[in-house]
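Contents: one structure, followed by commentary.
Just so it is clear, the structure is predicted and the values come from calculations on it, not from any experiment. Just so we're on the same page: letters track the sequence lines, and every chain starts at 1.
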Number of protein chains: 2
Amino acid sequence: MMTVSVGDFLKSHDIKPSYQRVKIYEFLKNSKEHPTVEVIYSALNPEIPTLSKTTVYNTLKVFIDKGIAMAITIDEREVRFDAEIRMHGHFKCYKCHQVYDFEMADQTADVEALDGFQIMERQVFYYGLCDHCNQKLEEVEKQ
Amino acid sequence: MMTVSVGDFLKSHDIKPSYQRVKIYEFLKNSKEHPTVEVIYSALNPEIPTLSKTTVYNTLKVFIDKGIAMAITIDEREVRFDAEIRMHGHFKCYKCHQVYDFEMADQTADVEALDGFQIMERQVFYYGLCDHCNQKLEEVEKQ
DNA sequence: TTCTCAATTTGTAATGATTACAAATTGATA
DNA sequence: TATCAATTTGTAATCATTACAAATTGAGAA
Ligand SMILES: [Mn+2]
Ligand SMILES: [Mn+2]
Ligand SMILES: [Zn+2]
Ligand SMILES: [Zn+2]
């Protein structure tokens with residue numbers, strides 16, 4: 001198993017690895033929850049008391065420009081972020097509001113309606129009840 | 001060919017067909033552009049000078065609740081609306097910012113990662129260059 | 001080491017879409 | 001015609017995001 005430091009990883013993507021950038025990337029990479037700016041800021045603020053929310057916004061914009069993160073607009077009200085940039089779908093539970101990843105077959109070829117279009121990005125959002133919340137609902141209905 | 005008035009259509013979906021609601025629904029139904037609240041408001045304001053933007057927001061919320069319209073969050077900054085509620089994908093051109101519809105095979109069954117999840121809504125967003133803008137780009141490159 | 005300067009970070013104010021809310025209007029029914 | 005709930009309207013509040021200018025940082029120069 002080969003390990004590359006976050007600093008080297010950022011450098012290899014033409015991003016100067018400042019203290020804040022390293023911490024923000026580490027948090028995003030280790031997070032499974034697709035955090036918002038607010039969540040990232042609140043999580044890192046205790047450790048970096050001088051952190052500014054503007055820095056979180058700026059840094060995420062840099063990550064996206066350099067291709068090591070993506071924005072997820074599955075919520076109407078707030079943008080979430082993801083350090084996993086391989087193609088995958090997102091499911092949002094109406095009840096617990098969690099956002100789950102799911103694997104997806106690449107169905108680019110399926111879309112003959114888009115002949116001549118150059119597809120550069122794909123977002124697939126599903127909504128409903130996650131297995132956990134769905135389970136609880138069924139138990140209630142059984143009564 | 002059978003025609004039902006917009007008023008009757010709204011009534012059949014449990015929506016009282018006020019003047020504003022009829023006009024807003026007609027505009028949305030006839031529009032191919034997935035308009036924003038601002039676009040709808042600006043388009044109808046000349047005809048309905050007393051129209052309030054709040055009414056546009058309220059009315060669209062009613063349409064969505066009653067299942068005759070849907071919100072499209074393909075833009076990070078502003079929500080677009082669509083009176084076409086059959087399942088279809090959306091493509092947004094980075095250059096001309098138009099949003100195109102495209103037909104899509106229903107691939108619900110494909111997603112075995114979501115066993116136990118109850119999928120209630122699906123949104124598929126593609127981004128890139130539309131055929132028109134892509135064409136123009138190729139012509140420039142040819143020179 | 002100290003200096004310099006561009007890149008980065010920070011704090012504050014502005015922006016803009018959306019929502020909250022209360023008053024005015026409408027329109028179906030009595 | 002009177003009533004009253006539903007709808008519409010206008011204004012203010014909210015809140016995520018952006019703009020911007022000042023402060024800080026840190027890598028290389030001297
Ligand atoms: Mn993800
Ligand atoms: Mn559409
Ligand atoms: Zn859930
Ligand atoms: Zn285009």
- All pairs passing salt bridge (Lys or Arg N to Asp or Glu O under 4.0 Å) where residues 49-69 of chain A contributes a residue, at least two apart: A:D14-A:K66, A:E38-A:K53
- Could you give all pairs that pass the salt bridge (Lys or Arg N to Asp or Glu O under 4.0 Å) test and reach residues 123-133 of chain B, with sequence neighbours left out? none
- Selection residues 84-93 of chain B - residue pairs positive for salt bridge (Lys or Arg N to Asp or Glu O under 4.0 Å), sequence neighbours left out: B:D75-B:K92, B:E84-B:R86, B:R86-B:E103
- Item | Value in whole Å for how far the P atom of D:dA16 lies from CZ of A:R80 | 13 Å
- Check side-chain contact (heavy atoms from CB on, under 4.5 Å) between B:N58 and all other residues, then give those that pass, not counting sequence neighbours. B:T54
- Query: Can you pull the side chain to side chain donor-acceptor pair (under 3.5 Å) pairs that have at least one residue in residues 23-32 of chain B, sequence neighbours excluded?
  - Reply: B:K23-B:E47
- Query: Reading nucleotides 8-26 of chain C from the 5' end, what letters show protein touch, with B for base, S for backbone sugar-phosphate only, - for no heavy atom under 4.0 Å?
  - Reply: SSBBB----SBBBB-----
